[in-house]
*Asks:* 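Quick one: this structure, given as structure tokens, is what I'll be asking you about.
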Amino acid sequence: MHALLGQLPVGLSIGAVLLLVALGLNFTFGQMGVVNMAHGEFLMAGAYTAFVLQAWFGAQSVLVGLPVAFVVVGLMGLALERGLIRHFYGRPLDTLLLTWGVSLILQQVARDVFGAPNVDVAAPGWLAGGVDAAGVRLHYSRLFILALAVLCVLAVGWYLARSRTGRQMRAVTQNRQLAACSGIDTARVDQITFFIGSGVAGVAGVALTLIGPIGPTLGSTYIVDAFLVVVVGGLGQLRGAVLAAAVLGLLNAYAEFWSDASLAKVVVFAVIIAFLQVRPQGLFVLRSRALT
Amino acid sequence: MTLTSPPAAGTAAPPPAAAPALPRWTGPAAFTAVLLLALVVVPAVAPPFQINLYARYLCYALAALGIALAWGKGGMLTLGQGVFFGIGGYAMAMHLKLTEAGPGGLPDFMVWSGVTEMPLLWAPFASPYVALPAVVLLPGLVAAVLGWSVFRQRVRGAYFAILNQALAAAFVILLIGQQGLTGGSNGLTDFPVLLGVDLNRPESQLGLYVAVVLAVAAVYLALRAFDRSRLGRLLVAVRDGEDRVRFLGYDPTVVKTLAYTLSAMVAGLAGALFVPVAGIISPALFGVVPSIELVIAVAIGGRYSLAGAVAGALLLNLARTSFSEQFADGWLYLQGALFIAVIVFAPRGIAGLAASGRELLSRLRTRRTAAPAAGAPAEGGTP
């Protein structure tokens, strides 16, 4: 029983990481339908931002890194949108391949600049250790990630529901032509969406430095899982992403607990395929009259 | 909002216009010429190690043919084609390991990882009558089940691509994790005998090369026939307007599943041929990244063209070998840049460039012949 209960925080903590990683996709993929395979490399860029800041801020680089990475990686995303992606709206499969080319290049850049071996980002002292609750060890760093995920979701939720640009973004998602007719500058909305989506990836990347060492291939370990969260949660659905990340995290933890890490991945994949039989469009669906 | 955002999700460029008519004999003539080049000229001039290298590239080209069918003709971006390549490869490799171990014997790597009994999964592969059909039937089965369940629910476009990639990731992790059953990340290697033939002799390598060439040629002809059949037309129609096809009374699920299964079987065959040629099969050879590289090869060659896919796979691999020998790091930059350039500037790949070149030529030719016919003065008439 204890062991069973013990998997709960493990699962939730995996879920929090998945949520952070997928939150940016909720913008670029969910709102704009752009499959950005370089999203994983944006995570990596965020993580390396914290690594670079370490030279000035030492162990506090993680805290400083959160806002800095948001801006730095957000700008990278903006450049990608302006430079390449905007020419390919309506061609999601081409965008997918295109951004994969970009991700190859970014990985090699990271290898050339920071070296191929993994590097460590020191966690702040106050994140060391943890508390024991009900016989389960809760690491502070994991709790920090959980809190960060909650905070990010609240911020994104507020942005989408209350802020002017956030509401414009949703309008463009639901009906681009009508939004444009109503006087919304859709190109500008696209840029803001991409900036925020990429920026959130940067924040997630900083959080990933608390889990383990970072390297040029950091992104490729998370990218597939991140997209699965969006697929299961439903396109552009914040609550879907939250629920899907929690469920996938728990599923991962328990499947690993009962079998082993390698079988767990297959179990999760099979469950997702089975789930899509029931709800092919994910947990939550944005209803519209569009046919395809 | 349904699963595919904006229309024409599967199509990149406008579907290729009918290429200007060439004389009827050019197609077969070119095919025969290339086949003769591959079967007669190359073995005569290339040293044995290069023959082996070409045989490997041709295995990738074979898998690329399958992708051209599923992606180019069917609009299904199969980002996880390596899975089927791997299943075919492992089916073949398991058979070869069991032949090497002799009747009742365990493959060497199992002994090393402390396995004492023949695993149930391995036992049937001792017989070539099981292993050789399994090479294409197993990947076909996996693809049929996955394809049917996914297409039935109208999961398509980027969603399908992501699921494919997730499948590839899960498959590789599974193989690496089950060390005692699959050899882990080392994979399976060291296959001295195939169907009683010693694979280490140079003649058998040449024989394998010829077999691979013939396989590529046969699969090319078969897929071309499929493409020109009514079913093939339907597949293209599904790519360009799935809902319209549904409204006409066809079931897109069937035709999509069929094409996806066919492409998986081709990939399985490619993997099985790859095993004796390369002498190894391991997860690193067909994971997420190699799977995408196959798609790149098809994009470079021309996704709408079967011949283009073969050319793309050969060219990409040749370029990689010659380039990465000199600048190992530069290759990734070049590959990424090449890929971006192809998608941006030539979405129809080399085959598309060739087609527009032909079009240009024929337009010049018709202008030249048409001009006098129109009664315009041929020389010095225009101010």
Side-chain angles (χ1 to χ4, degrees), chain A residues 29 32-33 35 37 84 87-98 100-109 111-112 173-174 176 220 223-225 227-228 230-231 235-236 260-266 268-270 272-274 276-282 285-288 290-292, chain B residues 1-13 71 75 77 79 145-146 149-150 152-155 157-159 161-163 165-178 241-243 288-289 292 295-296 299 329-333 335-344 347:
Chain A
F29 184 36
M32 293 166 69
V35 182
M37 295 303 273
L84 283 175
H87 305 294
F88 289 87
Y89 286 136
R91 287 162 59 180
L93 296 189
D94 275 0
T95 321
L96 191 161
L97 297 172
L98 194 69
W100 197 73
V102 173
S103 89
L104 270 188
I105 293 178
L106 288 179
Q107 275 184 29
Q108 191 56 37
V109 169
R111 235 173 251 130
D112 285 347
T173 308
Q174 290 182 18
R176 181 172 286 268
S220 40
I223 185 77
V224 175
D225 288 337
F227 272 112
L228 285 182
V230 182
V231 168
L235 210 57
D260 60 68
S262 67
L263 272 178
K265 287 281 173 204
V266 180
V268 170
F269 182 75
I272 289 173
I273 294 290
L276 288 178
Q277 297 301 302
V278 192
R279 295 194 79 94
Q281 303 187 338
V285 185
L286 182 64
R287 304 248 170 241
S288 96
L291 181 58
T292 37
Chain B
M1 179 122 189
T2 46
L3 282 183
T4 29
S5 34
T11 45
W71 180 35
L77 182 50
L79 276 187
V145 170
L146 180 68
S149 55
V150 167
R152 198 172 61 94
Q153 292 296 343
R154 306 184 192 181
V155 173
Y159 274 60
I162 291 164
L163 285 180
Q165 195 168 40
L167 175 68
F171 183 60
V172 164
I173 291 171
L174 180 71
L175 284 176
I176 293 177
Q178 306 298 313
E242 188 168 333
D243 285 306
V288 172
V289 174
I292 296 194
V295 174
I296 302 188
D329 293 347
W331 170 246
L332 275 175
Y333 287 121
Q335 195 185 21
L338 184 69
F339 198 35
I340 294 171
V342 165
I343 299 281
V344 172

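Residue numbers start from 1 in every chain, and the chains themselves are labelled A, B, ... in the order their sequence lines are given, proteins ahead of strands. All values reported here derive from a predicted model rather than from experimental measurement.
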*Asks:* Side chain, backbone, both or neither: which part of A/V231 has an atom under 4.5 Å from a heavy atom of chain B?
*Replies:*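 Looking at A/V231, backbone and side chain both touch chain B.
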*Asks:* What pair of heavy atoms forms the shortest contact from A/F269 to B/A170, and how long is it?
*Replies:*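 For A/F269 and B/A170, the tightest heavy-atom pair comes out as CB-CB, 4.4 Å.
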*Asks:* Any idea which of A/L106, A/L104, A/T95 has the most non-hydrogen atom pairs under 4.5 angstrom with chain B?
*Replies:* A/L104
*Asks:* Measure A/V268 against the heavy atoms of chain B and call it side chain, backbone, both or neither at under 4.5 Å.
*Replies:* neither
*Asks:* Checking B/L146 against chain A: side chain, backbone, both or neither under 4.5 Å from a heavy atom?
*Replies:* side chain
*Asks:* Would you give the length of the straight line joining atom CD1 of A/I272 to atom CD1 of B/I162, rounded to the nearest 0.5 angstrom?
*Replies:* 11.0 Å
*Asks:* Does any part of the side chain of A/S220, heavy atoms only, come nearer than 4.5 Å to the side chain of B/V288, both counted from C-beta?
*Replies:* no
*Asks:* Under 4.5 Å, counting heavy-atom pairs only, tell me which of B/L338, B/V344, B/I343, B/I176 racks up the most with chain A.
*Replies:* B/I343
*Asks:* Ignoring hydrogens, what is the shortest heavy-atom contact between A/L96 and B/A161? Give both atom names and the distance.
*Replies:* CD1-CB, 3.9 Å
*Asks:* Is it the side chain or the backbone of A/R176 that comes within 4.5 Å of chain B heavy atoms, both, or neither?
*Replies:* neither
*Asks:* Which heavy atom of A/D112 sits nearest a heavy atom of B/Y333, and at what distance?
*Replies:* OD2-OH, 2.7 Å
*Asks:* For the OG atom of A/S103 and the CD1 atom of B/I292, what is their distance to the nearest 0.5 Å?
*Replies:* 7.0 Å
*Asks:* Which pair of non-hydrogen atoms, one from A/L97 and one from B/F339, has the smallest distance, and what is that distance?
*Replies:* O-CE2, 3.0 Å
*Asks:* Contact part of A/I223 toward chain B, heavy-atom cut-off under 4.5 Å: side chain, backbone, both or neither?
*Replies:* neither
*Asks:* Once the angle between the rings of A/F29 and B/Y159 is folded into 0 to 90°, is it parallel (under 30°), tilted (30 to 60°) or perpendicular (over 60°)?
*Replies:* tilted
